[in-house]
Amino acid sequence: MQADANMLSHPERALASLLDKALICTMDRTDEGDELPVLCGVGWQASARSLRAQSHRIARSLAALSLQANTPIILRVSNRAEDFAVMLGLWLAKLVAVPVHRTSPQAVLDAVCQKVAAPYVIDWRFDQRDAEEPMHEWLYPTSVEPRSLDASEKALLEDAALIVMTSGSTGLPKGVVLRHEAFAGKLAAIQSKLRVASEDRVLLVLNNSFSFGLWMSFLGLMHARDVVLCERFDPASFFSSLIDKQITLSAVVPTMMRSLAAHFSPEQLQEQSHQLNLKGKLAQLVIGGESLGTQLSADLRQWIAPARLIDIYGLTESCTCDFFLMPEDYPAHPDSIGQAAPGVCFRIVDEQGLPCAPMQVGELTIKSEFLMSGYLGDEALSAASFVDGWLRTGDLAQADEDGFVYLKGRSKELISRGGNKVTPQEIELALCRCEAVAAALVTGIDDPLMGERIAALLIPKPGLSIDEQALRLELGRFLERYKHPDVIRIGDELPQGRTGKIDRGLLRKQMSVP
C-alpha cells in the first residue's frame with residue numbers, strides 16, 4: 001500500500017524534528033553545569049545536550065558517506081542510550097533505521113540485510129575518548145552483498161523512518177515500513193490518552209527493536225523528565241525498580257506480569273504491592289502485545305493499585321496502539337480490548353468482506369493515516385494485507401454497539417509467545433537447516449505463563465538421530481533464542497488430515513497432551 005500524497009515527505013522529517021526540538025526544550029530548562037540524564041541505564045548516561053550533540057555528530061559522519069536519501073541502515077540495539085543517539089542521527093541524515101537486537105545471530109542479521117538491502121550496520125557503544133571522532137569500527141559494511149531496490153521499493157521507502165522486522169508467513173522476515181508522518185501521528189494519538197508530563201519518569205523494560213518499546217521511549221524523550229533503560233526484564237527487581245527510581249509510567253507485556261506470579265508467592269506479591277503503594281509513585285502501567293486474560297487483568301490491577309492499568313492492542317503494521325481499554329471502562333468491559341484510538345477506524349467483516357452486525361464474529365480490519373507503507377520486498381504480501389485501504393489484522397473479533405471490541409481468536413497461523421509473535425513457518429525453516437532434521441512441523445500450545453509455548457515435531461534424516469541439546473546449539477546459529485521450541489518431540493511422520501495435507505491443528509492437539 002502506497003502512502004497517501006498528503007502524508008509523503010515532510011521537509012523536517014517528522015520524528016527527527018520532534019525529538020530534536022524536545023531535546024532543545026529540555027536543554028533550555030537546565031543549566032549546562034547541572035544537567036540530568038534524559039536516558040539512563042547501562043553504559044552512557046545521556047543528558048539532552050550530550051544526546052543531541054552525539055546524534056548530530058553521527059548525522060554528519062553519515063552524510064559524509066553520500067548515501068542516497070531513504071537508504072536503510074541496520075542499527076544494533078539493546079536498550080542503551082547510544083541506540084537512540086544513532087537512531088536520531090540516521091533520521092537527521094535522511095536515512096532509514098532498521099533496529100535489530102544485538103543478540104540476534106549472524107544468520108538473522110544477514111537475512112535482514114538482504115531483505116532491506118542495507119549497505120551498512122551500526123553498532124555503537126559510547127566512549128568519551130572518541131566522542132569527537134568520525135565513525136570507524138562501529139560502522140561496517142554488511143556481510144552480504146546488498147541487492148538493488150526496484151522503483152516500487154524506492155517509492156515505498158519515501159519518507160520512511162523505520163523498518164521493523166516481524167515474522168513472515170513464508171519463514172522469512174517481513175520488513176514493515178513505517179513513515180515519519182505516520183509514526184509521529186500515532187505518537188500524538190497515544191499522548192492524547194496517556195498525557196505524559198515533564199515530571200514523569202519512564203521505565204523501559206520492553207525491547208527497543210519492537211514498535212511497543214520504541215514508541216514508549218519516544219514519548220518519554222518528548223514529554224517526560226527521563227527514561228530509565230533496562231536491558232532485560234527481571235521479575236525479582238521489577239517492583240524495587242519502580243520504587244527506587246520513583247517511576248511514574250512503564251509498559252509491559254502480559255508474560256512479564258505472569259512471571260511475577262511465578263517468582264513471588266501470593267503473600268510476597270501482597271507485600272510488594274503494599275511497598276509500591278507506600279513508597280512508589282507509579283501512576284500508569286501500559287500493557288499489550290497479547291491477550292491479558294480475565295484473572296491476570298484483575299490481579300494486576302490489584303498489585304499496582306492505585307496506579308492506572310491501560311490495556312492496549314495494535315500491530316507493528318499500524319504503529320501499534322489502535323485500541324485502548326481505559327481504567328474507567330474496565331468494570332463494564334473486562335474482556336474487551338477497548339475502543340479505537342483517536343484517528344483509527346475499524347470494521348469487522350465476514351468471509352465475503354461485508355460488515356458484520358454487532359456481536360457477530362469476523363475479521364478485524366483497521367484504517368488510519370498511521371498504517372505502514374507496506375512490506376519491503378514483498379509487494380504481493382503488501383497488496384494482500386489491504387482491502388480497499390483497510391488493513392487486515394488476521395484477528396477474529398466482535399464489537400458491541402458502543403464500539404468496544406472483543407478478540408475471539410486468530411484467522412492466521414501465528415504463535416504469541418510472551419508477547420513476541422512468530423510464525424510456525426519461520427521456525428520450521430530454521431529447524432530444517434539443522435543437519436539431522438528431515439522435516440519439522442511447529443505449532444503453539446497454551447501455556448499459563450507465556451500465553452503460548454512453541455512446540456515442534458521433528459523427523460530425523462534416514463540413518464541419523466536428533467540430539468536435542470546439540471540441535472538447540474545448532475539452531476542458535478539461525479534463529480533468535482525466543483523463537484526456539486519450548487517442547488520438542490521426535491517422530492516418524494508428520495500428522496496429516498483427511499486430504500493428505502499436513503495438519504497443524506492435529507499437531508496442536510497431540511502436543512497439548514502431556
Side-chain angles (χ1 to χ4, degrees), residues 10-32 34-41 44-60 62 75 77 79-97 99 126 159-162 178-204 206 208 211-229 245-251 283-284 286 319-321 342-343 370:
H10 189 286
E12 290 185 294
R13 299 278 171 153
L15 289 174
S17 177
L18 287 173
L19 291 173
D20 199 49
K21 289 178 179 177
L23 293 176
I24 292 173
C25 288
T26 301
M27 289 162 53
D28 290 342
R29 294 196 304 267
T30 59
D31 295 327
E32 186 171 355
D34 187 30
E35 290 187 343
L36 296 173
V38 293
L39 288 173
C40 46
W44 181 34
Q45 311 297 300
S47 68
R49 192 176 306 277
S50 64
L51 181 63
R52 185 170 185 268
Q54 291 302 323
S55 65
H56 279 261
R57 179 181 73 88
I58 290 166
R60 291 191 298 270
L62 289 166
L75 168 58
V77 299
N79 285 21
R80 297 175 67 96
E82 293 95 322
D83 306 342
F84 298 96
V86 177
M87 201 171 299
L88 179 53
L90 285 166
W91 293 337
L92 291 168
K94 301 183 179 180
L95 301 173
V96 183
F126 178 81
D159 194 45
L162 290 156
L178 302 176
R179 293 171 289 119
H180 279 274
E181 296 281 357
F183 213 111
K186 182 56 73 75
L187 287 176
I190 298 170
Q191 174 62 5
S192 72
K193 304 293 286 187
L194 300 187
R195 302 187 182 281
V196 184
S198 58
E199 64 271 16
D200 280 315
R201 300 199 75 193
V202 177
L203 177 66
L204 182 71
L206 297 167
N208 67 340
S211 299
F212 195 178
L214 286 170
W215 72 248
M216 178 57 71
S217 309
F218 297 157
L219 275 191
L221 280 171
M222 289 166 57
H223 301 288
R225 169 188 158 186
D226 59 13
V227 180
V228 178
L229 304 169
K245 301 182 186 304
Q246 295 292 277
I247 300 299
T248 62
L249 171 65
S250 188
Q284 296 187 109
V286 183
C319 296
T320 77
C321 286
F370 316 135

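Values below: every heavy atom of this structure, side chains too, minus hydrogens, waters and symmetry copies. Because the structure is predicted, anything quoted here is derived from the model rather than measured.
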Revision key, fill the gap. Those residues at least two apart in sequence (or on a different chain) that pass salt bridge (Lys or Arg N to Asp or Glu O under 4.0 Å) with Arg225 are none

Revision key, fill the gap. Minimal heavy-atom distance between Ala16 and Trp91, with the atoms involved, is CB-CB, 3.7 Å

Point to revise | Minimum side-chain heavy-atom gap Phe126-Gln54 below 4.5 Å | key: yes

Review point. Nearest heavy-atom pair of Ala224 and Val202: which atoms, and what distance?
Key: CB-CG2, 3.9 Å

Point to revise | Atom pair CG/CD of Leu229 and Gln45 - distance to nearest 0.5 Å | key: 8.5 Å

Practice item. For the residue pair Pro99 and Asp83, establish whether any side-chain heavy-atom pair is separated by less than 4.5 Å. Key: no

Review point. Ala188: what forms a side-chain contact (heavy atoms from CB on, under 4.5 Å) with it, not counting sequence neighbours?
Key: none

Review point. Are the side chain of Asn208 and the backbone N or O of Asn79 linked by a donor-acceptor pair below 3.5 Å?
Key: yes

**Study point:** Partner set under side-chain contact (heavy atoms from CB on, under 4.5 Å) for Ala283, not counting sequence neighbours
**Key:** none

Revision key, fill the gap. In short, Met222 meets Ala22 closest at the heavy-atom pair CA-CB, 3.7 Å

Revision key, fill the gap. Here the gap from Leu221 atom CG to Leu204 atom CG, rounded to the nearest 0.5 Å, amounts to 10.0 Å

Practice item. Answer whether the closest heavy-atom distance between the side chains of Leu214 and Met87 falls below 4.5 Å. Key: yes

Review point. How many angstroms lie between atom CZ of Phe183 and atom CG of Leu162, to the nearest 0.5 angstrom?
Key: 6.0 Å

Point to revise | Polar side-chain atom of Ser50 near backbone of Ala46 as donor-acceptor pair, under 3.5 Å | key: no

Check your understanding: Does Arg201 reach the main-chain N or O of Val228 with its side chain, forming a donor-acceptor pair under 3.5 Å?
Key -> no

Practice item. Can you sort out the partners of Phe84 under ring pair (Phe, Tyr, Trp, His ring centres under 6.0 Å), two or more places apart, ordered by chain and number? Key: none

**Study point:** Contact summary for Ala59 and Ala93, nearest pair of heavy atoms
**Key:** O-CB, 3.9 Å

Point to revise | Donor-acceptor pair, side chain of Gln191 and main chain of Leu219, under 3.5 angstrom | key: no

Review point. For Gln246, which residues count as a side-chain contact (heavy atoms from CB on, under 4.5 Å) partner, sequence neighbours excluded?
Key: Lys281

Check your understanding: Does a side-chain heavy-atom distance below 4.5 Å link Thr26 with Arg52?
Key -> no

**Study point:** Partners passing side-chain contact (heavy atoms from CB on, under 4.5 Å) against Ala251 (at least two apart in sequence or in another chain)
**Key:** Leu206, Phe212, Met216, Val286

Check your understanding: If you round to the nearest 0.5 Å, how far is CD1 of Ile190 from CZ of Phe370?
Key -> 9.0 Å

Practice item. Could you tell me whether a side-chain N or O of Ser17 sits under 3.5 Å from a main-chain N or O of Ala14, the two making a donor and an acceptor? Key: no

Exercise for review: Taking the side chain as every heavy atom from C-beta outward, state whether Leu39 and Trp44 have any pair of such atoms under 4.5 Å apart.
Suggested key: no

Review point. Between Arg179 and Glu181, is there a side-chain N and carboxylate O pair less than 4.0 Å apart?
Key: no

Point to revise | Sub-4.5 Å side-chain heavy-atom contact between Leu88 and Leu23 | key: yes

Exercise for review: Go through the steps for Val77 and Val86 under the test side-chain contact (heavy atoms from CB on, under 4.5 Å), then give the verdict.
Suggested key: CA-CA 10 Å; Val77 299; Val86 177; over 6 Å; no

Check your understanding: Do you know which two heavy atoms are closest between Arg195 and Asp200, and how far apart they sit?
Key -> O-OD2, 4.2 Å

**Study point:** Minimal non-hydrogen separation, Cys40 against Asp226, with atom names
**Key:** SG-OD2, 4.4 Å

Exercise for review: Check whether any side-chain heavy atom of Leu19 sits under 4.5 Å from a side-chain heavy atom of Ser55, and report yes or no.
Suggested key: no

Practice item. Report yes if some heavy atom in the side chain of Gln284 is under 4.5 Å from a heavy atom in the side chain of Thr248; otherwise report no. Key: no

Check your understanding: Could you give the distance from OG (Ser192) to CG (Leu187), rounded to the nearest 0.5 Å?
Key -> 11.0 Å

